[in-house]
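In what follows, a single structure is set out as structure tokens and then discussed.
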Amino acid sequence: MEQPAPDPGPSSVPPPGPEAPQPPKTRWQRFKRMLLGGPKDIQDPQLFHALSLAAFLAWVGLGADGLSSSSYGPEEAFKNLGQHQYLAIFLALATAVTVFVISAAYDKIIEHFPFGGGGYIVASRLLGPNAGVVSGAALLIDYVLTCTTSVAAGGEAIFSNFPPEWHSWKLPVELVAIALLTILNLRGVKESIRVLLPIFVTFLVTHVILIGGSVGFHLGRADDVARQVGTGLSHDLGTMGFFALALLFLRAYSLGAGTYTGIEAVSNGLSIMREPRVLTGKRTMVYMSTSLAITAGGIILAYLLMGVSPVAGKTMNYTLAEMLAGGVHLGPLPLGHWYVVVTIASEALLLFVAAQAGFIAGPRVMANLAHDSFLPHRFSALSDRLTMQNGVLLMGGASFLMLLYTRGSVDALVVMYAINVFVTFSLSQLGMIKYWRRKETRARHRQWRQPMVIAVVCFVLCAFILVVNLFEKFTEGAWLTVVITGAVVAVCLLIKRHYNGVFGRLKRLDQILTALPVGPPTKVLEIQKKKPTAVLLVGSFSGLGIHSLLTVMKLFPRYFANVVFMSVGVIDSATFQGVEEVDQVREQTEEALLKYVDLARGMGIPADYRMAMGTEAITG
């Protein structure tokens, strides 16, 4: 009969006493503290509430990516209508409907995968690990391009206000913006969002005026617009035919795919949202989808009503704002000019805010891949600021290099960006279709037909947009996306193969050493404090820790009279979900240490343990 583990005694807990003097900090440590702030206390019971995001702040941090895409997605779609601009009224409607369809589909993913991970988790669990790693790699590239495209488009909007000779400064400004955003996110997600919140609010106010004014001033022309649409349709159907006209419209609709990028960010970043997470995530999705549908659809409609045409060196949104209010004066004050400046500046700065989605959700995708051993496990570690420091640095570095490679070309970046987004969208919805087709799923959910229809419609839309973009833009940069994504998938598979080999060898060691025939001690063995003591840093109870103990006793026979096992309950991105998860790590760490103590005492060696909680087993 198995004996209960002996009580380790009061010496298991370090006795209270004066704190040891801390060594003086180096210059680098002082600079890092000033730049990033001090470490956060993982034992603080209010920590999770303090770091989590309410729906509004989540909308700012994650929804800004979708909302800011209205700065370049509608413009790209409208341009591809060519001389058939009357079709913009249908394009605006199709854009708004597509936003709501994709949002509704991801709403279901939030319900059924409430711990985050989005497209990667859905594809992995429902389609298998191979589909999962493709989705994860696509998401990873997607979020790098989220940062790069947002900053590049923001730079382009800012320099629309300046003369051409100033444009040589555009790329350096964008590179500095990437560096500043990286530093902000190393400090923490909530801190970075609060800094950027005023920009988000300014964008909303100025664009409500922009869309409301452009559409509102033309409500009296509704009959004229309807006649123009009817005349244009009759002419083009007679000269081109329905099929050719439909293809032209669908091409423009598909090439505006940049409009829908960022919708998936809410489901990927669910782990940072305030409890109840599902409710907060769904509310955030409503905010994002409604604001994006109104903004993107409204801007396309405004282009049509105001008769906006592309101008070299200017964004179409700048031209729209200038046409609407550029000549407005309040007495001697050029009120309209300042409105245009503020509107375009807020749009540019919101694009910088949108890069937040890449810095928030990108490291979480890396953490999920790391937990499944497709990336080095270090990517799931947390810094002392409780941020995914390694992921944030990789996102910032990759975005920096991508900006240099493309020289900040928004056209090239949007093509690369949209393709990976729709790879993930398509795989996610294919997984949800498979989920809703299961008999056990239908038995549990009586209302399965509606979400099944949403998943099918969303999959068809996303797959169609993906195919059109690949076909149309393959030679313009889409090939590079395919090559890079394929390379990332190959690297992930090689890393997984390495970890599988290591795990296999450790498992064999566990099978041998955890079966040691060691009985319980016949008497309590007290620590002999004045005699040499071996201190072993161990993790979970495994063959590796047992092997370390046996090796020490073999190398130093009859020298060490005692052994003390030390362990750190490491909190990483998987366990940093709430107070309960942290407590579970603490209990598991202590349980493993007690097993080691029991083993050593069974071998006739006095033993004890010490433990702590932290984000690293050993800190420098």
Side-chain angles (χ1 to χ4, degrees), residues 66-67 69-107 207-208 210-237 240 242-263 285-308 316-317 320 418 421-422 425 453-454 456-466 468-469:
L67 193 56
S69 64
S70 61
S71 302
Y72 49 82
E75 177 174 342
E76 186 69 19
F78 190 81
K79 283 179 181 177
N80 280 283
L81 290 176
Q83 301 300 314
H84 312 274
Q85 292 183 355
Y86 68 90
L87 291 173
I89 195 163
F90 303 110
L91 186 60
L93 181 61
T95 299
V97 168
T98 304
V99 168
F100 284 123
V101 168
I102 296 175
S103 299
Y106 268 91
D107 216 43
H207 282 67
V208 164
L210 181 67
I211 295 168
S214 299
V215 176
F217 291 156
H218 291 81
L219 287 178
R221 293 182 55 237
D223 291 341
D224 292 340
V225 173
R227 278 194 296 272
Q228 289 173 11
V229 172
T231 303
L233 271 176
S234 299
H235 177 268
D236 287 343
L237 287 173
M240 299 173 60
F242 174 79
F243 187 69
L245 189 62
L247 284 180
L248 183 146
F249 174 80
L250 290 173
R251 179 179 180 275
Y253 163 76
S254 299
L255 294 179
T259 305
Y260 316 112
T261 54
I263 295 176
M285 187 64 84
V286 169
Y287 293 164
M288 182 204 286
S289 59
T290 304
S291 59
L292 176 56
I294 292 172
T295 306
I299 284 175
I300 291 173
L301 192 58
Y303 290 159
L304 172 65
L305 296 174
M306 297 291 289
V308 178
M316 287 183 66
N317 285 5
L320 175 63
V421 170
F422 281 91
F425 282 175
V453 169
I454 291 172
V456 170
V457 171
C458 189
F459 172 74
V460 171
L461 284 174
C462 293
F464 176 79
I465 292 172
L466 174 62
V468 171
N469 274 273

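Both backbone and side-chain heavy atoms feed into the values below; hydrogens, waters and symmetry mates do not.
Rounding to the nearest 0.5 Å places CG of Asn317 at 6.5 Å from CG of Leu210. The distance from the CG atom of Leu461 to the CD1 atom of Ile102 is 7.0 Å, given to the nearest 0.5 Å. From Ile211, atom CD1 reaches atom CD1 of Ile299 across 4.5 Å, with rounding to the nearest 0.5 Å. A distance of 4.5 Å separates CG of Asn80 from CZ of Arg251, quoted to the nearest 0.5 Å. In this structure, Glu75 CD and Leu320 CG are separated by 10.5 Å, a value rounded to the nearest 0.5 Å. Rounding to the nearest 0.5 Å gives a distance of 6.5 Å between CG of Leu245 and CG of Leu233.
Scanning all heavy atoms of the two residues, the minimum distance from Ala105 to Cys458 falls at CB-SG, 3.8 Å. Minimum heavy-atom separation, Phe78 to Ala88: CE1-CB, 3.6 Å. Contact between Leu304 and Gln85 at its shortest, heavy atoms only, is CD1-O, 3.3 Å. When all heavy atoms are compared, the tightest approach of Ser289 to Ser103 is CB-OG, 3.0 Å. Summarising the geometry of Asp236 relative to His84, their closest heavy-atom pair is OD2-ND1, 2.7 Å, with the distance given to 0.1 Å.
Within 6.0 Å of CZ on Phe217 lie no more than 12 heavy atoms contributed by other residues, nucleotides or ligands.
When side chains are defined from C-beta on, Leu93 does not count as touching Ile89, because their heavy atoms never get closer than 4.5 Å. Phe422 has its side chain out of reach of Asn469: every pair of non-hydrogen atoms, C-beta onward, lies at least 4.5 Å apart. You'll find the side chain of Tyr260 stays beyond 4.5 Å of the side chain of Val421, heavy atoms only. A 4.5 Å side-chain heavy-atom check between Met316 and Lys79 finds at least one atom pair inside the cut-off.
Partner Phe90 forms a side-chain contact (heavy atoms from CB on, under 4.5 Å) with one of Leu81, Val229, Thr95, Ile300 and no other, that one being Val229.
In summary, the aromatic rings of Phe425 and Tyr106 are positioned with their centroids under 6.0 Å apart.
Below 30°, between 30° and 60°, or above 60°: for Phe249 and Tyr253 the angle between ring planes is below 30°, a parallel geometry.
The backbone N or O of Val308 lies less than 3.5 Å from no partner atom in the side chain of Tyr303, so there is not a single donor-acceptor pair. For the pair Thr295 (side chain) and Leu292 (backbone), a donor-acceptor distance under 3.5 Å is absent.
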Quick one, Ile263 with Met285, criterion side chain to side chain contact (heavy atoms under 4.5 Å, CB included). Give me CA distance, side-chain angles, the key distance, then yes/no.
CA-CA 8 Å; Ile263 295 176; Met285 187 64 84; 4.2 Å; yes

